[in-house]
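First up is the structure itself, then whatever we jot down about it.
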Amino acid sequence: MTYDIYVMYLCHWHKSREKGIAERKHSLTSVRSFLLQERLMVTHHLFILIVLTPVTQHFRGELGDFFVGCIFTAELSTPFVSLGKILMQLKMQDTLLHKVNGILILVTFFLCRILLFPFMYAAYGRQMGIPVYMVPFRIPLHCNIANASLIAPQL
């Protein structure tokens with residue numbers, strides 16, 4: 001998450017330079033401009049880094065390694081999203097690489113951010129010997145709420 005924030009800042013700084021805005025890199029002015037323009041994404045990344053990860057690790061104790069691992073696979077699409085932005089900045093939208101990367105974004109996003117949740121519920125149901133439709137009623141409510149809050153922005 002820290003890396004993502006820094007890369008977003010660098011992209012913002014380079015875009016500002018292309019627009020003729022002469023801000024020193026890592027200056028208070030350029031950082032403030034970045035934070036104002038990318039407020040929502042920075043808040044999202046900081047919330048995950050500072051709140052969600054430590055709270056999740058603390059409260060789950062020794063439970064849920066499989067589910068935590070599954071949630072981390074959601075980040076598999078991120079390198080392709082980053083590459084797409086880089087290719088756009090390099091004005092390479094018409095290349096085969098950009099098209100292949102777009103397909104990889106769609107596939108990894110769909111598999112790792114959308115189908116991930118039904119997969120986790122199905123795996124839990126299989127492990128516990130219950131049908132998948134019963135899983136939401138057998139796991140703690142906070143797990144269902146957490147999963148719903150994680151998949152909602154993806155949809």
Side-chain angles (χ1 to χ4, degrees), residues 1-16 23-89 98 100-155:
M1 294 298 150
T2 306
Y3 172 79
D4 282 353
I5 293 171
Y6 183 66
V7 169
M8 287 188 299
Y9 167 74
L10 290 177
C11 287
H12 169 80
W13 184 78
H14 282 286
K15 284 180 186 177
S16 296
E23 295 174 340
R24 280 190 12 246
K25 190 189 267 187
H26 307 303
S27 70
L28 188 57
T29 306
S30 68
V31 171
R32 184 181 302 129
S33 170
F34 164 68
L35 292 174
L36 288 172
Q37 188 172 355
E38 299 292 337
R39 181 177 337 154
L40 188 59
M41 283 302 287
V42 171
T43 302
H44 160 81
H45 281 76
L46 287 176
F47 180 78
I48 290 171
L49 182 67
I50 296 170
V51 178
L52 192 60
T53 301
V55 167
T56 302
Q57 294 301 319
H58 174 74
F59 285 118
R60 74 181 183 89
E62 298 292 320
L63 301 173
D65 288 342
F66 170 76
F67 298 105
V68 171
C70 284
I71 297 301
F72 283 136
T73 65
E75 291 301 317
L76 187 62
S77 64
T78 303
F80 302 112
V81 172
S82 299
L83 178 59
K85 288 187 176 196
I86 290 167
L87 293 172
M88 287 176 12
Q89 285 181 349
H98 189 265
V100 169
N101 187 63
I103 292 168
L104 290 171
I105 289 171
L106 289 173
V107 169
T108 57
F109 191 91
F110 184 70
L111 290 174
C112 299
R113 292 194 180 217
I114 306 298
L115 288 184
L116 173 70
F117 295 94
F119 168 75
M120 289 191 305
Y121 279 66
Y124 182 84
R126 193 170 39 254
Q127 180 73 23
M128 301 307 286
I130 59 173
V132 71
Y133 67 86
M134 289 298 297
V135 170
F137 304 105
R138 297 289 282 282
I139 63 175
L141 178 62
H142 68 273
C143 293
N144 287 314
I145 292 170
N147 283 333
S149 66
L150 289 171
I151 196 170
Q154 313 306 324
L155 297 174

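Model, not experiment: these values are computed from the prediction.
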ring-ring contact (aromatic ring centres under 6.0 Å, His included) pairs touching residues 131-155, sequence neighbours excluded, are none
Distance, nearest 0.5 Å, that separates CD1 of Ile71 from SG of Cys112 | 11.0 Å
Between OG1 of Thr108 and CD1 of Ile105, what distance do you get to the nearest 0.5 Å?
-> 7.0 Å
Point-to-point distance, once rounded to the nearest 0.5 Å, from CG of Leu35 to OH of Tyr9 = 9.5 Å
Ignoring hydrogens and angles, tell me if any N or O in the side chain of Ser82 forms a donor-acceptor pair with the backbone of Thr78 under 3.5 Å.
-> yes
Between Ile151 and Ile114, which heavy-atom pair has the shortest distance, and what is it?
-> CD1-O, 3.9 Å
What do the steps show when you test Lys85 against Cys11 for side chain to side chain contact (heavy atoms under 4.5 Å, CB included), and what is the final call?
-> CA-CA 9 Å; Lys85 288 187 176 196; Cys11 287; 5.6 Å; no
If you measure from OH on Tyr121 to CG on Leu116, what distance do you get to the nearest 0.5 Å?
-> 11.0 Å
Just by modelled atom types, is the Gln154 backbone N or O under 3.5 Å from a matching donor or acceptor in the Arg113 side chain?
-> no
Taking every non-hydrogen atom, the tightest pair across Ile5 and Phe34 | O-CZ, 3.7 Å
Approximate separation, where rounding is to 0.5 Å, of Met120 CE and Leu115 CG = 11.5 Å
Distance from Ser77 atom OG to Phe110 atom CZ, nearest 0.5 Å?
-> 13.0 Å
Please report, to 0.1 Å, the donor-acceptor pairs under 3.5 Å made by any side chain of residues 123-132, with sequence neighbours excluded.
none

Show me, pair by pair, the donor-acceptor contacts under 3.5 angstrom made by side chains of residues 37-51, not counting sequence neighbours?
from  : atom 1 : to    : atom 2 : distance (Å)
Gln37 : OE1    : His12 : ND1    : 3.1
Arg39 : NH2    : Leu36 : O      : 3.3
Thr43 : OG1    : Arg39 : O      : 2.7
His45 : ND1    : Met41 : O      : 2.9
His45 : NE2    : Asp4  : OD2    : 3.3

Taking all atoms of both residues into account, what is the closest heavy-atom pair of Leu104 and Phe80, and its distance?
-> CD1-CE2, 3.6 Å
